[in-house]
Asker: 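My questions all concern the structure below.
Whatever order the structure lists them in is the order used to number ligands and atoms, beginning at 1.
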Amino acid sequence: MGNINAVVNYETTDGGAIAIIAMDNPPVNALSHALRSGLVAAIEKARDSDAVKAVMLIGTARAFSAGADISEFGTPRQPPSLIDVVALLDAMAKPVIAAISGLALGGGFELALGCHYRVAAPGSRVGLPEVKLGLLPGAGGTQRLPRLVGAEAAAQIIVSGDPVPAAKALAMGALDAVLEGDFRAAALDFTREVMKAGGKPPRVRDRDDKLAAAKADPSVIDRAVAKQLQRLRGLPAPKACVDAVRAAVTMPFEEGQKKELALFMGLLGSPESKAQRHVFFAEREAAKLPDMPADTKEKPIARAVVIGAGTMGGGIAMCFANAGIPVRVIETEQAALTRGLDRVAENYRIAISRGSLSQAEMDKRMAQISGTIDFGAVAEGDLVIEAVFEEMDLKRRVFAEIDRLAKQGALLASNTSTLDINEIAAATKRPEDVLGMHFFSPANVMRLLEIVRARKTSYAALATALGIGRRIGKVTSVVGVCDGFVGNRMLARRTTQAEMLLLEGALPWDVDAAVLAFGFPMGPFAMGDLAGLDVGWRIRKARGVTAEISDTLCEAGRFGQKTGAGYYRYEKGSRTPMPDPEVEKIILAASEKRGITRRPIGAAEITERMIYPMINEGARILEERMAMRASDIDIIWIYGYGWPVWRGGPMFYADQVGLPQIRDRLAQYAATSPDKTLKPAPLLEKLAASGQGFAALPVQTIAV
Ligand code: 3HC
Ligand code: NAI
């Protein structure tokens, strides 16, 4: 509790000569209205005190400040603004030192840039992540950072939004010192030195030595971020970031700041930023289980065991090794084990060749992974994850063995993508410890982890899975037991429609182009070629179902990229999908065989039929309580399937389009389609009729 207000404390030291203003607004010092008001009062107090000769502004060990309070965006702005606070610091006639430990992000870093000196603790990080919220730094960051590190480097930092470690920030000129030892004491010593040296406090706004190159030729800024911008495909925020940095070079400070504010206000109202802010909070909500009793204890996880060293098992083992958790991989045969571990090593080597991993780091990670063909090693695991072939009988046998061997209380998880976790759990005498941990391929890359709650899964098991998910850097969402869980169940609706579009008149490249234009990184057919068409073919055969075109391609040995041909053809050694007349012939023949008269299908219809049926399935999932929140479904699609983050996820998108329109279009398509799942789901009908959106639904517990 502070003495200025609840979140700001003011004290003096050195006989009153140094004022220490401390921010403590847990958890991360978001610059809420209370923090801004408290800061103004404290800064004015220091300014108006004759005794005070220097000021140190400090946060907590976790964060100097993580920036503006995102939850205040979209609500009426209450003065003082962050710009006012920064201007007050900037104008101080006494030197102000920002003492940064932990994070200084966004408005938090802008606060520090408004100070006359910046010192940081060794592990701290600074950055301007606003672009990730569809915004730009709006409290002077785009004007001050270029003056410290140069316009090119500043543009790169601002457009990427990635935090910069203290040592690098120091080398670039964004910090004045990185201080070892007791940070508060060291920062105070630094403040004393500055005070002793005297002189007029240097203001970042007055500097322009680092702007010389860009002043001579402002196009160096565009060139510095050309690659980043290309990847971000014309989104408004990154482009505005560059415009603002350019203003730092081409305009006087005050005008540049006005330009920055105008750009910021424009972005704040943009649909992209609204969507990205939704995703920020949705991601954090998804990790919470509201019905979990407060006294639930996580089980300690020191060692993991992964059963199966195939595509998924290897990737899952990497997740643990990357997080510094020792992991044992169990296979049935030495050859399969060696193959699996070789693939893991190869993945790390690729990372080294790309420059994203060092040899030493690879060695450290590989040392965490050890393989065995002795199933008895199951006993070593506090967590056992099964990733063997997708066959119920096999999974039940494996779980019966796990039950016999595993430690009491160990968390037992299956990575199955289609099988009933209740049935798997029933193969053990401890179903309370069993749940699904559904990773996505490649498991070491994809951020999503669906945690599948079965009938008897205990809260302790769920808490442990959520905790370990966070430790290994995954975005988690708890879902219920149903066919395909949440993500794949919705994907199946899209897959059905994709095949139908081909039969009715579209070609794979038409469908992929529409999905790409919507913002996905890849269309469904290029995706199928990448994943391998034979996977789905085998599943369909086992289930006795068909998908005419895909089956025909597989029968012709066209399994996708791995065979050089699938829905597309591939030049030797290339991953670029090329339209193939052979495929067109197969598709035309399939339409004819079904007696379908092909018609031209426009991009708008394709997009609707790729997206709306998934939303419809999402509504059914919510109705069946297989997901807790509509926003969880958004997170699953963003982190598991590459849904464009700036469209906020399928359920958020549906609310933006308007549910009546989605209901009506689905009803129209359903009227003429053999795909009965197109019929609007009852929940969609109900919400559309009452004028509500998915966002209005209360959080619910998973049905078990
Ligand atoms: N505003 C409001 N709440 C915030 C917040 C912010 N800027 N940053 C974090 N929080 C909240 C989270 O919602 C979460 O709340 P919860 O516990 O109720 O779910 C809590 O703080 C802890 O956050 P995390 O769970 O994310 O904790 P981590 O330690 O994993 O991550 C972090 C910390 C890196 C700071 C991460 O939260 C983050 O990236 N925050 C956003 C940073 C950001 O984008 N800042 C720029 C804001 S825009 C701005 O400053 C505009 C200015 O230019 C005018
Ligand atoms: P895979 O065929 O690549 O690997 C399975 C491995 O399990 C093989 O190496 C096999 O030798 C081993 N194995 C079989 N029986 C075993 C036993 N009794 N003990 C130890 N090892 C045994 O399969 P993949 O793709 O890794 O899939 C594994 C599981 O993950 C399946 O349940 C699958 O549905 C699921 N999954 C797969 C995804 C994918 O994209 N491949 C995505 C998400 C889940």
Asker: Look up atom CG in Asp24 and atom CG in Asn29, then write down how far apart they are to the nearest 0.5 Å.
Answerer: 6.5 Å
Asker: Without swapping roles, check the side chain of Arg147 against the backbone of Arg205 for a donor-acceptor pair under 3.5 Å.
Answerer: yes
Asker: Parallel, tilted or perpendicular, judged at 30° and 60°: which one describes the rings of Trp637 and Phe520?
Answerer: perpendicular
Asker: Less than 6.0 angstrom from the centroid, inside 45 degrees of the normal: does Arg489 satisfy that with respect to the ring of Phe485?
Answerer: no
Asker: Is the closest side-chain heavy-atom distance between Ile307 and Phe375 below 4.5 Å?
Answerer: yes
Asker: Which protein non-hydrogen atom lies closest to atom 30 (O) of ligand 1, naming both residue and atom, and how far is it?
Answerer: Arg470 NH2, 3.1 Å
Asker: Just distances here: any N/O of Leu105 and N/O of ligand 1 closer than 3.5 Å?
Answerer: no
Asker: Is the closest N or O pair between Arg62 and ligand 1 shorter than 3.5 Å?
Answerer: yes
Asker: Give the atoms of ligand 1, by number and element, whose distance to some non-hydrogen atom of Phe280 is under 4.0 Å.
Answerer: 8 (N), 9 (C), 13 (O), 37 (O), 38 (C), 40 (N), 41 (C)
Asker: Just jot down the ligand 1 atoms closer than 4.0 angstrom to any heavy atom of Val28, in number order.
Answerer: 8 (N), 9 (C), 10 (N), 21 (O)
Asker: Quick check: Ala30 and ligand 1, any N/O pair under 3.5 Å apart?
Answerer: no
Asker: Examine distances only and state if a side-chain atom of Thr457 and a backbone atom of Ala454 form a donor-acceptor pair shorter than 3.5 Å.
Answerer: yes
Asker: Output yes when Arg36 and Glu72 qualify as a salt bridge under the 4.0 Å nitrogen-oxygen rule, no when they do not.
Answerer: yes
Asker: In plain terms, say whether Arg397 and Asp393 are close enough for a salt bridge, that is, a side-chain N and a carboxylate O under 4.0 Å apart.
Answerer: no
Asker: I'd like to know if Arg339 pairs up with Asp342 as an ion pair, taking the criterion as any Lys NZ or Arg NE/NH1/NH2 lying under 4.0 Å from an Asp or Glu carboxylate oxygen.
Answerer: no
Asker: Note the single closest protein heavy atom to atom 12 (C) of ligand 2, along with its residue, its atom name and the distance in Å.
Answerer: Glu331 OE2, 3.1 Å
Asker: Indicate whether any N or O donor in one side chain lies under 3.5 Å from an N or O acceptor in the other, for Ser81 and Asp84.
Answerer: yes
Asker: How does Arg397 reach ligand 2, by side chain, by backbone, by both or by neither, if only non-hydrogen atoms under 4.0 Å count?
Answerer: neither
Asker: Just to confirm my output: which protein heavy-atom neighbour is closest to atom 45 (N) of ligand 1, and how far is it?
Answerer: Ala66 O, 2.8 Å
Asker: Can a protein heavy atom be found under 4.0 Å away from atom 11 (C) of ligand 1?
Answerer: no
Asker: If the contact criterion is a heavy-atom separation under 4.0 Å, does Gly340 count as touching ligand 2?
Answerer: no
Asker: Heavy atom of His438 under 4.0 Å from ligand 2?
Answerer: yes
Asker: Examine the proximity of ligand 1 to Glu110 and report which part, side chain or backbone, both or neither, has a heavy atom under 4.0 Å away.
Answerer: side chain
Asker: Parallel, tilted or perpendicular for Phe559 and Trp537, by the 30°/60° rule?
Answerer: tilted
Asker: For ligand 2, find out whether one of its N or O atoms is nearer than 3.5 Å to an N or O atom of Glu386.
Answerer: no
Asker: So which bit of Leu419 gets within less than 4.0 Å of ligand 2, heavy atoms only: side chain, backbone, both or neither?
Answerer: neither
Asker: Find all atoms of ligand 1 within a distance of less than 4.0 Å from any non-hydrogen atom belonging to Pro27, and give their numbers and elements.
Answerer: 20 (C), 21 (O), 22 (C)
Asker: Hey, does Asp634 have a side-chain heavy atom less than 4.5 Å from the side chain of Glu283?
Answerer: no
Asker: Distance under 4.0 Å to a non-hydrogen atom of Val398: what atoms of ligand 2 satisfy this?
Answerer: 18 (N)
Asker: Measuring to protein heavy atoms, does anything land under 4.0 Å from atom 48 (S) of ligand 1?
Answerer: yes
Asker: What part of Leu31, side chain from CB on, backbone N/CA/C/O, both or neither, has a heavy atom under 4.0 Å from ligand 1?
Answerer: neither
Asker: Would you check whether Phe73 has a nitrogen or oxygen atom less than 3.5 angstrom from a nitrogen or oxygen atom of ligand 1?
Answerer: no
Asker: Between the side chains of Arg343 and Glu346, is the shortest nitrogen-to-carboxylate-oxygen separation below 4.0 Å, so that they form an ion pair?
Answerer: no
Asker: Compute the shortest N/O to N/O distance between Met312 and ligand 2 and return yes if it is under 3.5 Å, no if not.
Answerer: yes
Asker: On a heavy-atom basis, I'd like to know which of Ser32, Ala63, Ala68 is closest to atom 51 (C) of ligand 1.
Answerer: Ala68
Asker: List every atom of ligand 1 that sits less than 4.0 Å from any heavy atom of Lys288, numbering the atoms from 1 in the order shown and giving each element.
Answerer: 16 (P), 18 (O), 19 (O)
Asker: Any idea which atoms of ligand 1 are less than 4.0 Å away from a heavy-atom of Pro137?
Answerer: 53 (O)
Asker: As an exercise, identify every atom of ligand 1 less than 4.0 angstrom from a heavy atom of Gly67.
Answerer: 50 (O)
Asker: Nearest protein heavy atom to atom 35 (C) of ligand 2, by residue and atom, and its distance?
Answerer: Asn415 O, 3.3 Å
Asker: Is there at least one protein heavy-atom neighbour under 4.0 Å from atom 23 (O) of ligand 2?
Answerer: no
Asker: Please could you name the atoms of ligand 1 that Gly106 approaches to less than 4.0 Å, counting only its heavy atoms?
Answerer: 46 (C), 50 (O)
Asker: Going by heavy atoms, is Leu133 under 4.0 Å from ligand 1?
Answerer: yes
Asker: Strictly under 4.0 Å, does any heavy atom of Phe439 approach an atom of ligand 2?
Answerer: yes
Asker: Can you tell me if Glu333 has a non-hydrogen atom under 4.0 Å from ligand 2?
Answerer: no
Asker: If you measure every N or O of Phe281 against every N or O of ligand 1, does any of those distances drop under 3.5 Å?
Answerer: no
Asker: Which residue and atom name correspond to the protein heavy atom nearest atom 1 (N) of ligand 1, and how close is it?
Answerer: Ile70 N, 2.9 Å
Asker: Suppose I only count heavy atoms of Ile307 and a 4.0 Å limit; which atoms of ligand 2 are within that range?
Answerer: 19 (N), 20 (C)
Asker: Only heavy atoms of Pro129, strictly under 4.0 Å: list the atoms of ligand 1 that pass.
Answerer: 43 (C), 44 (O), 45 (N)
Asker: Is a donor on one side and an acceptor on the other found under 3.5 Å between the side chain of Glu380 and the backbone of Arg303?
Answerer: no
Asker: Show me which atoms of ligand 2 lie under 4.0 Å from any heavy atom of Lys395.
Answerer: 31 (C), 32 (O)
Asker: Out of Glu386, Glu423, Glu401, which one pairs with Lys395 under the salt bridge (charged side-chain N to carboxylate O under 4.0 Å, His left out) rule?
Answerer: Glu386
Asker: Have a look at Met437 and tell me which of Leu383, Leu412, Ile316 forms a side-chain contact (heavy atoms from CB on, under 4.5 Å) with it.
Answerer: Leu383
Asker: Do Leu128 and Glu110 come close enough that some side-chain heavy atom pair is under 4.5 Å?
Answerer: yes
Asker: Does Ile330 approach ligand 2 within less than 4.0 angstrom via side chain, backbone, both or neither, non-hydrogen atoms only?
Answerer: backbone
Asker: Is Lys288 close to Val478 at the side-chain level, that is, under 4.5 Å between some pair of heavy atoms?
Answerer: no
Asker: Are Phe64 and Phe109 an aromatic pair, judged by ring center distance below 6.0 Å?
Answerer: no
Asker: If you measure from each non-hydrogen atom of Asp69 to ligand 1, which part falls under 4.0 Å: side chain, backbone, both or neither?
Answerer: both
Asker: Looking only at protein heavy atoms, which one is nearest to atom 37 (O) of ligand 1, and how far off is it?
Answerer: Arg284 NH2, 3.7 Å
Asker: Examine the proximity of ligand 1 to Leu103 and report which part, side chain or backbone, both or neither, has a heavy atom under 4.0 Å away.
Answerer: side chain
Asker: How long is the span from the CD1 atom in Ile330 to the CD1 atom in Ile385, to the nearest 0.5 Å?
Answerer: 12.0 Å
Asker: Counting only heavy atoms, tell me which of Glu260, Glu72, Glu130, Lys132 gets closest to atom 53 (O) of ligand 1.
Answerer: Glu130
